[in-house]
Amino acid sequence: MSVAATFEIEYLQYLGPDGTLVAELPPEAPSATEILPLFKQMLLVRTFDAKAIALQRTGKLGTYAACLGHEATHVGIGAAMRPEDVFAPSYREYGAQFMRGVKPRDVLMYWGGDERGNDFSGPKHDFPWCVPIATQCLHAAGSALAFKLRGEDRVAVTCCGDGGSSKTDTYAAINSAGAYALPFIQCIINNGWAISVPRKAQTGAKTLAQKGLAGGLHCLQVDGNDLFAVLEGMRRAMARARSGEGGSVIEFMTYRLHDHTTADDARRYRDDAEVKDAWTRDPMTRLRTWLSAQGAWDEAQEKAWIEECGRMVDEEINAYLESKVQPVEAMFDYLYADPPADLLEQRAAAIAAEKRS
Amino acid sequence: MSVAATFEIEYLQYLGPDGTLVAELPPEAPSATEILPLFKQMLLVRTFDAKAIALQRTGKLGTYAACLGHEATHVGIGAAMRPEDVFAPSYREYGAQFMRGVKPRDVLMYWGGDERGNDFSGPKHDFPWCVPIATQCLHAAGSALAFKLRGEDRVAVTCCGDGGSSKTDTYAAINSAGAYALPFIQCIINNGWAISVPRKAQTGAKTLAQKGLAGGLHCLQVDGNDLFAVLEGMRRAMARARSGEGGSVIEFMTYRLHDHTTADDARRYRDDAEVKDAWTRDPMTRLRTWLSAQGAWDEAQEKAWIEECGRMVDEEINAYLESKVQPVEAMFDYLYADPPADLLEQRAAAIAAEKRS
Amino acid sequence: MSAAAKKDAAPAAITLIEAITQALAYEMRNDDSVVVLGEDVGVNGGVFRATAGLQAEFGDQRVIDTPLDETTIAGLTVGMAAQGMKPVAEAQFDGFVYPMLDHVICHAARFRYRTRGRLTCPMVLRVPWGGGIRAPEHHSEANEALFTNVPGLRVVLPSSPARAYGLLLAAIREPDPVIFMEPKRIYRQYKELVPDDGEALPLDVCFVLRDGTDVTLVTWGAQVKETLEAAEALAKDGISAEVIDVATLTPLDFATIAESVAKTGRCVIVHEAPKTAGFGGEIAARLAEECMYDLLAPVERVTGYDTHIPLFRLEMKYLPSVEKIVAAAKRTIAAG
Amino acid sequence: MSAAAKKDAAPAAITLIEAITQALAYEMRNDDSVVVLGEDVGVNGGVFRATAGLQAEFGDQRVIDTPLDETTIAGLTVGMAAQGMKPVAEAQFDGFVYPMLDHVICHAARFRYRTRGRLTCPMVLRVPWGGGIRAPEHHSEANEALFTNVPGLRVVLPSSPARAYGLLLAAIREPDPVIFMEPKRIYRQYKELVPDDGEALPLDVCFVLRDGTDVTLVTWGAQVKETLEAAEALAKDGISAEVIDVATLTPLDFATIAESVAKTGRCVIVHEAPKTAGFGGEIAARLAEECMYDLLAPVERVTGYDTHIPLFRLEMKYLPSVEKIVAAAKRTIAAG
Ligand SMILES: Cc1ncc(C[n+]2csc(CCOP(=O)(O)OP(=O)(O)O)c2C)c(N)n1
Ligand SMILES: Cc1ncc(C[n+]2csc(CCOP(=O)(O)OP(=O)(O)O)c2C)c(N)n1
Ligand SMILES: [Mg+2]
Ligand SMILES: [Mg+2]
């Protein structure tokens, strides 16, 4: 028998669910002091998330996609990127975006039904939230192609979910990244569910990381609730991308601790027991335990920081709540650089109708 | 370091380019007498192909996609199937289709610009020629899903090219076949070229067989110019499919010895040397050499059979050339089971216009 | 219909979305080859609950969750339909239908034609359609015009629980592919008695919902409600409006519209898709071709603007309103 | 324009496809951010030879062969455009454009809108368009109506070498996405002097190709030829036909059409797409809304039938012909 090809996919985990190390940290791992700001960022994200859900529940926000449980993955991805890199998120990775300068108020504006949320405070070249699943992956690949053609030292990073890994766009992105050897990182955030469809129903593939083999990319699976593993996975992929070795697919194993969105009711399709079990692997708890063991964090600090987070988020919420609705002409003004005559007539009619009503 | 998954892709080759065995034949391999009809079929296909090209060159056929060099792969795929299985071809696998009862005249009708070619003499459930690359793969997956839901012992087999393996539909078919564990075989016929784009520009993947890993399918690479390897690869995949083990992806390594189609001029983008080299791996020569060495075939037989093939194909060509163009109403009559009133009016108008002209 | 079925068919007041579920369940009982597939259609019963309870009743071999890919859904559906099943596929929202177009246009709409009737494609694609529910981006599109220039399809858009039930049954029984767009804004707007009697409605007629003599208001989907309200408002001003629910956009029953306009001499077409090249244009064009001598006033279109439907803070300003319809109707009266 | 460029711009008679190549080359020299991508566009120069010689001149970093996947092409194009390049993507044939729609409709047409101008999508999608070249299945579609109801796009269809050159330059320079459909039937039909002067033509006007007083013939793409021939034939019968090449379908310059119909009182719209919900319907609708009092006769549409364009043995019977156009024009004359 002759062998055409063999492959091996590595799994990275350093910090176990109980907050102790299960493997030696890599030399590049951050120290306790270095990782602390990221932990604090995770707490900020979790604070924001809870408040956004509450806002929705009281009718002050539209449908909102929570990120509860994804904090280590999201923050780790954001931390690994440079401002000049490009990020093409789905609709959930606020933790990564906050690291890039996007503000909570931007998130709220978007889910609050206002396009200005996407004219956000982050890098002007970053992609907007993307609702059509996984289409953003190809935009990242296109960006990476642009970077390569222009000889720029920039990496395109994109995220999709376990569900999104079934989407043909993800394959297209992976395949083109391989064909052109692009500086591209496909993050597959496997939180176990795509609305009501469990991971195992999406694909017969043993891992989602191996989706990358179809395009000849470097594949890695990491514990997405372990910030050290996330950072190390991203570090390796970034190094490959920047050195011209090409693209990577990283599967982050995490869990969606909330409903899919506030419009969803996960009790219809998901066992409580599973969620309870997932909480034992919460990314926050384990890092808090570790940091405390290192003497880098304590309850008082946590309390103070959580209060600070509350204040910061409330300020953002107020900015959102106080924002004025766009004037009616806003729906015409951003369609074309040079709006055609008929459209200007419709615009005038809409303004007139507005004045009448 | 912990390992998430490992994979190995096997390569099958038995009959080398020089017509001698490079590996021991599998126990299930056909004997010389058993394989002889398939060799004769390959010769018939090659005869047909040459005559179809000639027809096109003399203006009696539209664009035609030749299958020169693909005979072992095509005939082997057809031979592995049962009539009740479903075949979803691209536009090139006449060799497989002839094994299923499709007639050369059907092929000519289709490329001759007449829809009746697709109402062909093969199994009524087989799919028509499919021009939009790789879309047929999902139709095969859908068929396999129907078979599985109805508890039928049938397999869906589909083909795409090396180019087609980049198409998102191929991934979708592979992924759904894996998700539902379908009786499905994805043949990827790697003939080195997708019009002017060489295999290496399609993807960074080392093999095309590994595209199947993205959906958790069984993957195999075979020498597509070695009929024994083709038959053994298909046999294994068929056995898996029929026993409920699920789908397979087989990459057949062959070569496009002709232009892409008669509308193409490969000299623009391809070295003659490469083609010359590929001829040394011609599927026909090696099998002829082997059969002759077994005493199962000789020059006289070949001469007689080629003449016979010529006669058979000429008969088919004549049937095609003598076929009457469909009446103008044919473009209305097969659109809906119940044609709407407006369409019937247009039909009447078209008939009237026809009478006037 | 069997006596037992008749007995079961005690009418109940249900919403449009419940009527969809009722039709699906009826036809799944009636015809073994009917299967439902899509994202989250199984245990979750669909994000709009259109398939609620179906997997419990019919099992996961008839109500099938798919991987998250619309190309996959469309391609599998075409394959299954070609092999003798009657798949009813769900696109989760209108804005996610685009990756399905290739299989719908190149294959579903062509199998009968391509194979001279050897293979056919009896499938239904259900598409929750349109705006007005304060949904996120891409959840509010009125994109029926994608399908209306494609021969071989039927494009159906019900506007009441009863019509949803009867038209969906017809769509599933139809031997050719049907795009069945469901106005999600009125999914739960009101209830109506819809006997579960398995009676299909015809796919080749427009429905005259209100008789009138002064102006014909032509619409479909969610706007039927606004249009009926507009007719009511016009009546108060002494203007008698006829209201037509097109229901099946293609193939179009233009005769019913023409007959009405022959009577009223005026026509206002209402739809929420953008104006330019929206399906309203086709109806106006037929009027310009075939009813010019009947027209007492220029045709009016009350439509979405030629821009994207905005996110929900502004979306109601985008959609046609009762006021806009009334104003347009009055313009036609004033014109002649 | 520099003196050197002026000197280079000695006019040469070229075909429409050569005019496309000439425009691409001009703008690639003029603007470094312009790249061409698609299947076989590189060393092969495109299956129609539209990009012939470009890779030799500009290298494989500017003329990029893609993997065989239209979703890939569309998605990469959008991504590149959003990051400041000006990609000109090629769909190999009209029938392969469907998998591109998702990225075109959900993203290209919306980036400016979605981000309030932060990101834009200055891309061109070139689509060889239409029938009449005895091509295989899916190589002959007139599917412009897919795009015309989508806000945020510009849909352009040139009909002569000079207009192809000028409009393609404009399309590439346009800051918003342009669908550029090329009538492949007339790719090589005739030659015309097209100076390589870098002069773009406006994307917001219809072109009046022939003045007339009795009837306005409105068309685009390959049918411009038949329509001009019909005008010629009508002239022999003493009927003076004005011929308008719409050229940019959306946003539509209806004013030019309205002005003409105000003069002639009659209008025949000619296109090869199926009639129902073809873009001709939009023009007829505008006439019914805005020009009713000018119309002396019902509007006529001469179009493809409401069925798929058949394989080539029958395709010419499907397409609009000079005779059909002449007959329709005469009907409008007879009518009033
Ligand atoms: C093309 C498309 N189809 C369907 C949807 C509806 N939808 C929104 S989120 C979602 C599930 C996504 O699951 P996954 O990719 O795992 O990401 P997660 O939400 O779990 O982060 C679906 C089906 C969509 N947004 N886009
Ligand atoms: C969706 C689509 N895009 C483009 C084409 C044009 N086209 C026809 S064949 C071909 C190349 C196919 O190459 P491959 O898949 O390797 O198959 P081969 O022809 O070599 O057998 C292309 C690009 C098409 N038919 N369909
Ligand atoms: Mg998920
Ligand atoms: Mg090939």
Legend entry - Donor-acceptor under 3.5 Å (C:Arg266 side chain, C:Thr332 main chain): yes

Legend entry - Proximal component of C:Glu70, with respect to chain D [non-hydrogen, under 4.5 Å]: neither

Inset, instruction - Could you look at C:Leu287 and say if it's the side chain, the backbone, both or neither that has a heavy atom under 4.5 Å from chain D? - result: neither

Legend entry - Name of the residue among C:Thr216, C:Ile283, C:Thr303, C:Ile244 meeting side chain to side chain contact (heavy atoms under 4.5 Å, CB included) with C:Ile269: C:Ile283

Inset, instruction - For the residue pair C:His271 and C:Gln223, establish whether any side-chain heavy-atom pair is separated by less than 4.5 Å. - result: no

Legend entry - Main-chain N/O of D:Thr264 paired to D:Asp214 side chain as donor or acceptor, under 3.5 Å: no

Inset, instruction - Measure C:Glu300 against the heavy atoms of chain D and call it side chain, backbone, both or neither at under 4.5 Å. - result: backbone

Inset, instruction - Select one option (side chain, backbone, both, neither) describing which atoms of C:Thr276 are under 4.5 Å from chain D's heavy atoms. - result: both

Legend entry - Closest-packed option against chain C by number of heavy-atom pairs under 4.5 Å, given D:His138, D:His103, D:Met100: D:His138

Inset, instruction - Check each atom of D:Thr250 against the heavy atoms of chain C and say whether the ones under 4.5 Å are side chain, backbone, both or neither. - result: side chain

Legend entry - Heavy-atom check, side chain of D:Glu272 versus side chain of D:Glu315, under 4.5 Å: no

Inset, instruction - Pick one of side chain, backbone, both or neither for D:Leu296, based on which atoms fall under 4.5 Å of a heavy atom in chain C. - result: backbone

Legend entry - Pairwise side-chain contact, D:Arg118 with D:Arg112, heavy-atom cut-off 4.5 Å (strictly under): no

Legend entry - Reported CH2-to-CZ distance for the pair D:Trp129 and D:Phe180, which is rounded to 0.5 angstrom: 12.5 Å

Legend entry - Residue, of D:Glu290, D:Arg286, D:Lys275, that accumulates the most heavy atom pairs under 4.5 Å with chain C: D:Lys275

Inset, instruction - Could you tell me which of C:Pro298, C:Ala335, C:Gly281 has the largest number of non-hydrogen atom pairs under 4.5 Å with chain D? - result: C:Pro298

Inset, instruction - Go through C:Ile105, C:Leu101, C:Leu146 and name the one with the most non-hydrogen pairs under 4.5 angstrom from chain D. - result: C:Ile105

Legend entry - Region of C:Ile309 that comes under 4.5 Å of a non-hydrogen atom in chain D: backbone

Legend entry - Partner chain C: residue of D:Phe279, D:Tyr305, D:Tyr293 with the largest heavy-atom pair count (under 4.5 Å): D:Tyr293

Legend entry - Pairs of heavy atoms under 4.5 Å with chain C: top-ranked of D:Ala109, D:Gly336, D:Gly152, D:Ala273: D:Ala109

Legend entry - For chain C, the option from D:Leu311, D:Val299, D:Thr148, D:Asn143 that forms the most heavy-atom pairs under 4.5 Å: D:Val299

Legend entry - D:Thr219 side-chain N/O to D:Val270 backbone N/O, donor-acceptor pair under 3.5 Å: yes

Inset, instruction - Heavy-atom pairs under 4.5 Å with chain D are the metric here; pick the option from C:Gly280, C:Ala297, C:Cys267 that has the most. - result: C:Ala297

Inset, instruction - State, with a plain yes or no, whether a side-chain heavy atom of D:His308 is found less than 4.5 Å away from one of C:Arg114. - result: no

Legend entry - Heavy-atom pairs under 4.5 Å with chain C, option from D:Ala145, D:Ala284, D:Cys106 with the top count: D:Cys106

Legend entry - Part of C:Phe147 lying under 4.5 Å from any heavy atom of chain D: neither

Legend entry - Atom pair CZ (D:Phe254) and SG (D:Cys206), whose distance is rounded to the nearest 0.5 Å: 9.5 Å

Legend entry - Near-ring test D:His139/D:Phe96, centroid separation under 6.0 angstrom: yes

Legend entry - Region of C:Pro251 in contact with chain D, defined by heavy-atom distances below 4.5 Å: neither

